[in-house]
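Structure first, then comments.
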Amino acid sequence: MNDKIWLSSPHMGGTELNYINEAFKENWVAPLGPNVNNFENDIKDYLDHNVEVAALSAGTAALHLALIILGVKRDDQVICQTFTFSASANPILYVGAEPVFIDSEKETWNMCPKALEQAIEAGMKQGKKPKAIIVVHLYGMPAKMQEILEIANRFEIPLIEDAAEALGSTYKDQKCGTFGEMSILSFNGNKIITTSGGGALVCNTKEEKEKAVFLSTQARDQAPHYQHSEVGYNYRMSNISAGIGRGQMEVLDDRVTARRNNNHFYQEVFKEFPGVNVFVEPNADYFSNHWLSAVEINPDIAGFNREDLRLAFEKENIESRPLWKPMHLQPVFVNSSYYGGTVAEKLFDNGLCLPSGSSLTDVDRKRIKSVILTFKK
Ligand SMILES: *Cc1c(COP(=O)(O)O)cnc(C)c1O
């Protein structure tokens with residue numbers, strides 16, 4: 001059997017261990033230390049915008065803290081893109097709020113501005129203006145930020161950007177992760193860069209960052225003893241993980257280039273497949289890191305469906321995976337409201353994520369291509 005080709009594997013740059021060794025030498029083996037501070041500064045410099053960064057244990061933790069800092073409370077409404085990973089929506093339940101899910105539009109597969117506006121107006125009619133909007137840049141593709149920001153600003157609802165998959169993507173030359181009132185990043189093992197597990201909250205003021213650090217380290221008041229006036233969390237990033245992150249930041253641009261090259265490879269391979277669309281940017285305003293490359297297959301035209309292709313890959317020990325199952329169709333969110341049509345549902349039915357790691361080799365790509373070509377008519 002050939003080696004497994006994964007959807008997206010960790011890809012070390014080479015200097016990560018130096019930062020970890022430093023941490024061991026100085027005994028900074030704790031959820032604080034120089035790597036944490038320097039990693040935060042590296043991200044801040046990279047985002048190239050006036051933002052503050054708090055390194056945390058996970059992207060999910062960052063989203064939880066974003067909701068708390070924005071004052072979202074029990075029974076409040078929070079709007080969220082339906083077509084996403086469950087981690088975008090679960091923190092809404094952590095704070096006892098009600099998720100309201102929004103369909104995608106066809107160009108970016110992200111939040112549909114029209115359905116967003118309908119949901120806000122419906123909430124206001126019930127006397128419940130939504131407290132926050134969570135927009136996602138799925139697979140690295142920036143959402144329609146101009147339209148969505150215009151709506152968020154008009155209704156004065158804070159926007160949280162889930163940029164977990166979109167570090168390195170830009171919209172109109174501005175980095176994803178800098179548009180929201182707050183944004184979150186993830187450094188899980190399958191993301192474009194990894195700290196083995198980790199995340200970050202990106203915010204606009206020093207006060208918000210300090211609040212995030214305070215809450216993430218058990219909300220300890222200033223006192224010689226342990227004194228708490230608020231519920232705290234254990235969400236800070238470890239100095240060891242941050243050491244991995246520092247090494248990874250040095251190669252982030254290379255990782256973006258490699259993943260974009262994978263996308264070009266798939267565009268070439270599927271060129272002569274009618275009914276198969278490789279997911280690409282709608283126009284030059286959008287620059288995707290192409291964290292994952294994906295195809296949408298129209299089985300009536302293509303003569304095969306996404307399961308046919310997935311199983312053919314599986315037989316050759318190549319991992320591929322259906323697109324996200326929309327949140328409004330998940331049993332855990334069965335009672336939540338939903339605005340929109342069937343765009344996300346159809347993407348789930350017909351879409352497949354393809355091996356997209358930055359460490360794919362030419363030999364890997366050859367194996368992938370030969371599976372795809374067996375479907376050629
Ligand atoms: C990975 C991911 C998250 C969660 O990040 P973790 O660091 O794994 O907690 C949130 N949203 C999206 C869209 C993701 O892909």
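Just follow the structure's listing: the first ligand is 1, and inside any ligand the first atom is 1.
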### Task
Compute whether any side-chain donor of one residue and acceptor of the other, for Ser8 and Arg259, lie under 3.5 angstrom apart.
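Yes - a donor-acceptor pair under 3.5 Å links their side chains.
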
### Query
With a 4.0 Å cut-off on heavy atoms, is Gly199 touching ligand 1?
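Per 4.0 Å heavy-atom rule, Gly199 does not contact ligand 1.
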
### Message
I'd like to know if Gly198 contacts ligand 1, where contact means a heavy-atom distance under 4.0 Å to any ligand atom.
### Response
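Yes, Gly198 has heavy atoms under 4.0 Å from ligand 1.
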
With a cut-off of 4.0 Å, which atoms of ligand 1 are near a heavy atom of [X]?
{"X": "Ala87", "answer": "3 (C), 4 (C), 10 (C)"}
{"X": "Val136", "answer": "13 (C)"}
{"X": "Ala164", "answer": "2 (C), 3 (C), 10 (C), 11 (N), 12 (C), 14 (C)"}

### Task
State whether Phe313 and Arg321 meet the cation-pi test: NZ (Lys) or CZ (Arg) under 6.0 Å from the six-membered ring centroid, and within 45° of the perpendicular axis.
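The answer is no, since Arg321 fails at least one limit relative to Phe313.
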
Does the N or O separation between [X] and ligand 1 drop below 3.5 Å for any pair?
{"X": "Trp291", "answer": "no"}
{"X": "Trp324", "answer": "no"}
{"X": "Phe85", "answer": "no"}
{"X": "Thr84", "answer": "no"}

To check your reading of the model: name the closest protein heavy atom to [atom], its residue, and the distance in Å.
{"atom": "atom 9 (O) of ligand 1", "answer": "Thr60 OG1, 2.5 Å"}
{"atom": "atom 11 (N) of ligand 1", "answer": "Asp162 OD2, 2.7 Å"}
{"atom": "atom 15 (O) of ligand 1", "answer": "Glu165 OE2, 2.5 Å"}
{"atom": "atom 1 (C) of ligand 1", "answer": "Lys191 NZ, 1.5 Å"}
{"atom": "atom 8 (O) of ligand 1", "answer": "Asn188 ND2, 2.8 Å"}

### Transitive ILVMFWY side-chain link Leu116 to Val100, under 4.5 Å
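Leu116 clusters together with Val100.
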
### Query
Can you hop from Phe24 to Phe39 via hydrophobic side chains spaced under 4.5 Å?
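Different clusters.
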
### Message
Does this structure show an ion pair linking Lys4 with Glu319, if we count only N-O contacts that are shorter than 4.0 Å?
### Response
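Looking at Lys4 and Glu319, the cut-off is not met.
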
### Query
Is it true that Arg310 and Glu307 make a salt bridge, defined as a side-chain N closer than 4.0 Å to a carboxylate O?
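So Arg310 pairs with Glu307 through a salt bridge.
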
### Task
Nearest heavy atom to atom 7 (O) of ligand 1 wins, so pick from Ser186, Ala166, Ser86.
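Looking at heavy atoms only, the winner is Ser186.
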
### Ring centers of Phe375, Phe273 separated by less than 6.0 Å
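Centroid distance Phe375-Phe273: not below 6.0 Å, so no.
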
### Message
I need the minimum non-hydrogen distance between Asn239 and Pro34, along with the two atoms involved.
### Response
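Closest approach of Asn239 to Pro34, heavy atoms only: OD1-N, 3.6 Å.
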
### Task
Please name the residue in the list Val135, Ile102, Asn110 that meets the side chain to side chain contact (heavy atoms under 4.5 Å, CB included) test with Ile148.
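Among the candidates, only Val135 passes.
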
### Query
Quick one: does Thr82's side chain have a donor or acceptor within less than 3.5 Å of a partner on Met327's backbone?
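At least one qualifying donor-acceptor pair exists.
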
